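Naming convention: chains lettered A, B, ... in sequence-line order (proteins, then strands); numbering from 1 in each chain. On a predicted model such as this, the values are computed, not experimentally measured, just so you know.
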2 protein chains.
Amino acid sequence: MTMPALPGVSAHCRKMSSVLSIVGDKWTVMIVMVLIERPRRFNDLKRTIGGISQQMLTRTLKALERDGMVSRTVHPTVPPQVEYALTELGYSLSEPLRALGAWAGAHIEKIGENRLRYDGSGAPTSTSPLPLPR
Amino acid sequence: MTMPALPGVSAHCRKMSSVLSIVGDKWTVMIVMVLIERPRRFNDLKRTIGGISQQMLTRTLKALERDGMVSRTVHPTVPPQVEYALTELGYSLSEPLRALGAWAGAHIEKIGENRLRYDGSGAPTSTSPLPLPR
DNA sequence: CGGAATCCCGCTGGATACTG
DNA sequence: CAGTATCCAGCGGGATTCCG
């Protein structure tokens, strides 16, 4: 609850924490990335992403719809079909996201090496930090 | 090595989940953003960020050091001084992070409006989705 | 098929106290 | 000052089941 009176830093912090509540979410990013290609239906998304529970898919899609990042279109056919697509806002987010993806592609291997080297030399395996994703 | 049937989607997913384990972390991003300005000492970081426990600061810094994103320099003075600074890798991450920050600055208000409108019209407040940060 | 509601476990991460 | 070690509450999120 401490309020440092630094306009520069804390302003950035506020913005970042705002965007982090969106971007920091694993599934949110996944969904946006997948929807860049083309609109998808619910189970199509579920299958494409793989590893997401329908609960989290529903929640995340609803949050994204709430934020105006994706549109939800219901086709009143016999088996109900619901299509999700990125809005303009959603697309705009995909751009910095792509930048992040590019950074990952360029540096993720290096990071893997760094971790191996760090763990190799007198590594305090103690409260093991961020696990290396595979 | 890699690459089953869908090189496009699943490849991106893998990259993204890797980078998300870094970027998705609130404190990691905070620390990197703060260290962009200049190197800082432990308690300096703690004070500047504000709201982080020293435990999380220690953990996150160690993880960043492990990844080769920040350097840790110990000055063997009477009260021990430890300076943390971004490495080249850390700086390179700060660029896409800035892009994200810029996106946030440009669209975060619009998102706030969208949420209000969505909540206003027949909003299922049920398992309330992502909370609106203030 | 798309989605809501319940249950429940595990890990994240905060508070606190101790050490070099 | 910098860091470690415990303890523990909260909630993120998976599995399952039921509805329109």
Applying ring-ring contact (aromatic ring centres under 6.0 Å, His included) to W27(A) and not counting sequence neighbours gives none
Taken to the nearest whole Å, CG/L45(B) to C1'/dG3(D) is 14 Å
**OP:** Indicate, with a heavy-atom threshold strictly under 4.0 Å, whether T58(A) touches base, sugar-phosphate, or nothing.
**Re:** sugar-phosphate
Reading nucleotides 13-20 of chain C from 5' to 3' and marking B where a protein heavy atom lies under 4.0 Å of the base, S where only the sugar-phosphate is that close, and - otherwise, the string is BBBBB--B
From CG of L61(A) across to P of dG2(C) the rounded distance in Å is 11 Å
Next on the checklist: Is there a side-chain contact between K62(A) and the phosphate of dG3(C), meaning an N or O under 4.0 Å from OP1 or OP2?
Outcome noted: no
inquiry  = Has T87(A) got a side-chain atom pairing as donor or acceptor with M69(A)'s backbone, closer than 3.5 angstrom?
reply    = yes
State whether K46(B) places a side-chain N or O below 4.0 Å from either non-bridging phosphate oxygen (OP1 or OP2) of dC1(D).
-> no
Rounded to whole Å, CZ of F42(B) lies from P of dG3(D) at a distance of 6 Å
d(W103(A) CH2, E95(B) CD) to nearest 0.5 Å is 11.0 Å
Side-chain (N43(A)) to main-chain (K46(A)) donor-acceptor, under 3.5 angstrom: no
Tightest non-hydrogen contact, residues V70(A) and L61(A), listed as CG2-O, 4.0 Å
Check whether any side-chain nitrogen or oxygen of R41(A) sits under 4.0 Å from OP1 or OP2 of dG2(C), and answer yes or no. yes
Open item on the list: Whether Y84(B) contacts dC1(D) is assessed here as follows: a side-chain N or O lying under 4.0 Å from the phosphate OP1 or OP2. Is that the case?
Closed with: no
Do NZ/NE/NH1/NH2 and the carboxylate oxygens of D44(B) and R38(B) come within less than 4.0 Å? yes
In short, the helix from dC1(C)-dG20(D) to dG20(C)-dC1(D) is bent end to end, axes from five pairs each side, to 10°, by 40°
Whole-Å distance, L64(B) CG to dG3(D) C1', equals 16 Å
Interatomic distance, CG@L45(B) vs OG1@T58(B), rounded to 0.5 Å, equals 10.5 Å
When rounded to whole Å, the CD to C1' distance for the pair E65(A) and dG3(C) reads 13 Å
Quiz item: Are side-chain heavy atoms of R40(A) and E83(A) found at a separation under 4.5 Å?
Solution: no
Distance col, row T28(B):OG1 vs L97(B):CG, nearest 0.5 angstrom, shows 10.0 Å
